[in-house]
> 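Have a look at the structure that comes next, please.
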Amino acid sequence: MTNDQTNLTIIGCGNLNRNDDAVGVIIAQRLQQYLATYPHPHVKVYDCGTAGMEVMFKARGSKHLIIIDASSTNSEPGAVFKLPGEELEAKPEPSYNLHDFRWDNAIAAGRKIFKDDFPIGVTVYLIEAENLDFGWELSRAVKHSADFVFEEVKTIIEHNIKYDKKVLS
């Protein structure tokens with residue numbers, strides 16, 4: 001199946017080598033395992049790491065997009081922010097480095113480049129990091145919030161499955 005038949009695309013972002021920054025990637029990997037057991041052809045999950053350009057291309061053709069990432073806003077560690085993508089999208093600044101093109105730039109550029117072939121609904125989950133040093137462990141607060149976001153997104157997937165079955169019946 002191509003991405004143009006996807007109803008929901010979920011993208012986890014972050015760096016697995018920076019402790020809590022890995023939270024979006026870890027949740028995406030858990031959702032991929034979940035979908036391997038409970039497949040749904042209209043839901044795709046991707047681990048895009050730190051590649052904003054990949055976010056833009058993976059989102060193309062989907063009706064709805066969920067992005068999951070860590071944040072660093074000096075809020076309480078583990079705080080979960082659920083925001084509409086329109087509030088966070090940002091035009092990319094000119095640069096020669098692809099690392100400067102982030103998912104917030106991907107939303108703005110994707111809308112402009114792909115127009116109607118870009119998701120109409122974008123939701124972003126941000127989980128406030130406690131530790132962004134080099135390492136491979138989520139902090140306790142972020143691990144708890146990762147479980148919460150995983151369950152919430154899993155519920156969204158299950159709702160999508162039930163909706164599709166009603167439409168097809």
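Sequence positions, counted from 1, serve as the residue numbers for this chain.
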> Are the side chains of Val124 and Ile68 in touch, meaning some heavy atoms are under 4.5 Å apart?
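They are not in side-chain contact.
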> Find out whether Cys13 and Ile67 are in side-chain contact, i.e. whether some heavy atom of one side chain is under 4.5 Å from a heavy atom of the other.
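Yes, close enough: below the 4.5 Å cut-off.
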> Mind checking what makes salt bridge (Lys or Arg N to Asp or Glu O under 4.0 Å) contact with Arg111, not counting sequence neighbours?
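Listed in chain order: Glu86, Glu89.
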> With the side chain counted from C-beta on, respond yes when Leu8 and His42 share a heavy-atom pair under 4.5 Å apart, and no when they do not.
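The answer is no; the side chains never approach within 4.5 Å.
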> Kindly write out the residues that satisfy salt bridge (Lys or Arg N to Asp or Glu O under 4.0 Å) with Glu152, not counting sequence neighbours, or none if the list is empty.
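Result, salt bridge (Lys or Arg N to Asp or Glu O under 4.0 Å) vs Glu152: Lys82.
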> Would you say that Ile10 contacts Leu65 through its side chain, given a criterion of any heavy-atom pair below 4.5 Å between the two side chains?
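They are not in side-chain contact.
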> I'd like to check the side chain to side chain contact (heavy atoms under 4.5 Å, CB included) partners of Asp133; sequence neighbours left out, ordered by chain and number.
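Partners of Asp133 by the side chain to side chain contact (heavy atoms under 4.5 Å, CB included) criterion, ordered by chain and then number, come out as Asn19, Asn131.
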> Decide yes or no for Leu35 and Gln32: does some side-chain heavy atom of the first lie under 4.5 Å from some side-chain heavy atom of the second?
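No. Closest side-chain heavy atoms not under 4.5 Å.
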> So do Val80 and Val149 actually touch side chain to side chain, heavy atoms under 4.5 Å?
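Sidechains of Val80 and Val149: in contact.
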> Under the salt bridge (Lys or Arg N to Asp or Glu O under 4.0 Å) rule, what pairs show up with a residue in residues 25-36, not counting sequence neighbours?
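As it turns out, the salt bridge (Lys or Arg N to Asp or Glu O under 4.0 Å) pairs with a partner in residues 25-36, which skip direct neighbours, are Arg30-Asp147.
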> Apply side chain to side chain contact (heavy atoms under 4.5 Å, CB included) to residues Lys58 and Cys48 and explain how you reach the verdict.
CA-CA 9 Å; Lys58 295 294 187 188; Cys48 287; 4.1 Å; yes
> Would you give the length of the straight line joining atom CD1 of Ile11 to atom CD of Glu54, rounded to the nearest 0.5 angstrom?
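The distance works out to 8.0 Å.
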> The test is side chain to side chain contact (heavy atoms under 4.5 Å, CB included); show your working for His64 and Ile120 and say whether it passes.
CA-CA 6 Å; His64 302 282; Ile120 52 174; 4.2 Å; yes
> Enumerate the ring-ring contact (aromatic ring centres under 6.0 Å, His included) contacts for residues 108-127, please, sequence neighbours excluded, ordered by first and then second residue.
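Listed once each, the pairs are Phe57-Phe114.
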> Between Ser145 and Ile127, which heavy-atom pair has the shortest distance, and what is it?
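Scanning both residues, the minimum pair turns out to be CB-CG2, 3.7 Å.
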> Less than 4.5 Å apart, any side-chain heavy atom of Ile157 and any of Tyr38?
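Of all side-chain heavy-atom pairs linking Tyr38 with Ile157, none is under 4.5 Å.
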> State which residues pass side chain to side chain contact (heavy atoms under 4.5 Å, CB included) with Leu83; sequence neighbours excluded, sorted by chain then number.
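Per chain and number, Leu83 pairs via side chain to side chain contact (heavy atoms under 4.5 Å, CB included) with Phe81, Glu87, Leu88, Leu126.
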> Of all the heavy-atom pairs spanning Gly52 and Ala106, show the shortest one and how long it is.
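Minimum heavy-atom contact is O-CB, 3.3 Å.
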> Under the side chain to side chain donor-acceptor pair (under 3.5 Å) rule, collect the residues that match up with Asn17, sequence neighbours excluded.
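Result, side chain to side chain donor-acceptor pair (under 3.5 Å) vs Asn17: Trp136.
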> Applying salt bridge (Lys or Arg N to Asp or Glu O under 4.0 Å), name anything that partners Glu151, two or more places apart in sequence or on another chain.
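Partners of Glu151 by the salt bridge (Lys or Arg N to Asp or Glu O under 4.0 Å) criterion, ordered by chain and then number, come out as Lys154.
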> Can you name the side chain to side chain donor-acceptor pair (under 3.5 Å) partners of Asp69, sequence neighbours left out?
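Expected list: Trp103.
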> Which residues satisfy the side chain to side chain donor-acceptor pair (under 3.5 Å) test with Thr73, sequence neighbours excluded?
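Partners of Thr73 by the side chain to side chain donor-acceptor pair (under 3.5 Å) criterion, ordered by chain and then number, come out as Ser75, Glu128.
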> Which heavy-atom pair separates Pro77 from Ala141 by the least distance, and what is that distance?
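Minimum heavy-atom separation between Pro77 and Ala141: O-CB, 3.5 Å.
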> If hydrophobic clusters are built from ILVMFWY residues whose side chains come within less than 4.5 Å, do Phe150 and Leu138 share one?
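Result: yes, single cluster for both.
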> Among the clusters formed by ILVMFWY side chains lying less than 4.5 Å apart, do Leu132 and Val142 turn up in the same one?
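Shared cluster, no.
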> Listing request: all salt bridge (Lys or Arg N to Asp or Glu O under 4.0 Å) pairs with a residue in residues 11-20, at least two apart in sequence or in separate chains.
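As it turns out, there is no salt bridge (Lys or Arg N to Asp or Glu O under 4.0 Å) pair with a partner in residues 11-20 once direct neighbours are skipped.
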> Looking at residues at least two apart in the chain, or sitting in another chain, which of them share a side chain to side chain donor-acceptor pair (under 3.5 Å) with Asp47?
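For Asp47, the residues satisfying side chain to side chain donor-acceptor pair (under 3.5 Å) (neighbours in sequence not counted) are Gln29.
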> Taking C-beta and beyond as the side chain, do Ile113 and Met56 meet within less than 4.5 Å on heavy atoms?
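When only atoms from C-beta onward are counted, Met56 and Ile113 do touch, with a gap below 4.5 Å.
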